[in-house]
Amino acid sequence: MVATQADGPNPVAAPFFRYQAQRLYVEDVSLQSIAESYGTPVYVYSKASLAHAWQRYQDAMQSHNVMVCYGMKANSNLAVLQLFAQWGSGFDIVSGGELQRALQAGADARKIIFSGVGKQAWEIEAALKAGIKCFNVESIPELEFINAVAQKMALQAPISLRINPDVDAQTHPYISTGLKGNKFGIAMDQALAAYEQAQRLEHLQIIGVDCHIGSQITEIAPYLDALAHLIELVQQLRARGIALQHLDLGGGLGIRYRDEQAPAPKALADQVFAKLQAADLGHLQVVFEPGRSLVGNAGVLLTQVLFLKHTADGNFAIVDAAMNDLLRPTLYQAYHGILPVTQSTATARPYDVVGPVCESGDWFAKKRPLALQDHDLLAIESCGAYGFVMSSQYNSRPRPPEVLVDGAHCHLIRRRETLEDICAAEQGLNV
Ligand SMILES: *Cc1c(COP(=O)(O)O)cnc(C)c1O
């Protein structure tokens, strides 16, 4: 017999997602009732779980001079941003669209950091106008471009240089960003020259240094490797009369999808500040840009089994969610836990859980032991980060709604798209 997977929800997500009398609840609301009210597929987030993840960063902020800028590309729903803004978070943005969303959600512009390798003039102008904390600059041409835009506006742009420290974050190659061979940041051996160039440009104000080495990192060591490089650079800069206010170590802390154990933010901050103090740099503010670790385990994608298909080669559960709704398994072969919304004592069989899209890559789990019947509801775990935000209308499928649970209350924070929404921006030919 195959072991059942029903050993319960991801222990990190409990107690926000838990079984009560064989039924799966998000806080005080059963997922069954959410499916009845909103249909499936639907993204469901727990507010208490978001608050818990934020609290873990607050623990780091209470003992050190740490600023947290939520890496909002992980989940940029306005209601989620509103919560983080209310809790005092800053935001790490990567586009003019994200700036707009953050401001609309009530973000304090002085806590916004603008990252990304390809910022356009309108985006830089909007960020300068809003008065953001800092641009993370990724190349010398970009330095010159930001200087030119700031000059036109008769302003000074606060900047930090994103350094590529050439360290291996030991994560999936698509989400590893701190190695020499990729497009991000300025190489260590060009960093001094880049800072000197920035100093010559009159409409730039140098305030920091940063790096972001990758995502789903489950060890502190890669951060300390990157930090050692940045410390060396900060000391060289200081010797040349360039003093910095902050050191930004980016985002990237991992979460538990299966059995990973990621360090707590405070443990990371403790070790970072120990190194800074040893280098006589304890006065620097440290910035973190966490995305996944603030939202990832706070959400599930709720879906319903359409058909069970048993073939000579295996068992398929065809569900009503697909790769257009949740891309991570297709894109990264990512593992997501799958929980039955109603626990069953029937014998489990190994299922491939797949969507209806015409691609073999459209799957959520392979050979997963589950006891299933037609129309069963399933909760795909750890979908709070890089879930809805990566969704599309591929196959002309309307995107699912998002629901935020707060205790016994449900808030619809994005409605389900309609068939009209799918064609809304298109224009037929007049022939
Ligand atoms: C994506 C990204 C983040 C957030 O990364 P997580 O792995 O979700 O924590 C932070 N900073 C930058 C520059 C990013 O591109």
Side-chain angles (χ1 to χ4, degrees), residues 50 53-54 56-57 60 66-77 80-81 84 89-95 97-99 102 111-119 123 127 132-139 142 159-165 167 169-179 182-186 208-220 222-223 226 230 246-257 260 262-265 268-269 286-299 327-328 331-332 334 382-390:
L50 294 170
W54 173 252
R56 281 162 54 89
Y57 277 92
V66 164
M67 175 165 164
V68 174
C69 293
Y70 168 45
M72 62 175 275
K73 72 175 190 282
N75 185 327
S76 54
N77 183 287
V80 171
L81 301 183
F84 285 115
S89 182
F91 294 89
D92 175 58
I93 63 168
V94 292
S95 72
E98 286 195 348
L99 175 65
K111 294 187 190 170
I112 293 179
I113 283 181
F114 195 166
S115 300
V117 288
K119 302 175 192 75
E123 296 177 309
I132 66 164
K133 176 180 171 74
C134 180
F135 293 88
N136 285 345
V137 181
E138 303 218 12
S139 66
E142 189 194 336
I159 60 125
S160 158
L161 293 191
R162 176 167 175 180
I163 305 304
N164 185 333
V167 301
Q170 311 217 318
T171 183
H172 189 284
Y174 282 16
I175 49 177
S176 177
T177 52
L179 281 165
N182 65 47
K183 69 179 177 185
F184 299 100
I186 296 170
V209 63
D210 87 283
C211 69
H212 170 73
I213 56 176
S215 200
Q216 186 54 17
I217 300 167
T218 53
E219 309 280 344
I220 290 182
Y223 286 100
L230 293 193
H246 76 255
L247 186 150
D248 178 346
L249 283 171
L253 264 190
I255 61 167
R256 181 176 183 128
Y257 284 102
E260 303 92 325
L268 172 60
V286 168
V287 177
F288 290 118
E289 304 168 351
R292 188 189 314 271
S293 52
L294 280 174
V295 293
N297 279 325
L327 190 59
R328 296 190 72 259
L331 190 60
Y332 311 122
S382 312
C383 286
Y386 306 107
F388 182 86
V389 287
M390 285 187 159

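The first residue in the sequence is number 1, and the count goes up from there. When reading the values below, keep in mind they use all heavy atoms of this one structure, side chains included, and skip hydrogens, waters and symmetry mates. First listed ligand is number 1; within each ligand, the first listed atom is number 1.
Residues with a heavy atom under 4.0 Å from ligand 1: K73, D92, S115, R162, H212, S215, G251, G252, E289, P290, G291, R292, Y386.
Not a single ring pair (Phe, Tyr, Trp, His ring centres under 6.0 Å) links F91 to another residue, sequence neighbours left out. Legend: residues meeting side-chain contact (heavy atoms from CB on, under 4.5 Å) with A53, ordered by chain and number and at least two apart, are L294. Applying the side-chain contact (heavy atoms from CB on, under 4.5 Å) rule to V389 yields the partners S76; only residues at least two apart in sequence or on another chain are considered.
A distance-only check finds a donor-acceptor pair linking the side chain of Y223 to the backbone of L253 [under 3.5 Å].
Side-chain atoms of P290 and V68, non-hydrogen and from C-beta on, do get closer than 4.5 Å to each other.
What you find for R292 and S215 is that their closest heavy atoms are NH2-OG, 2.8 Å.
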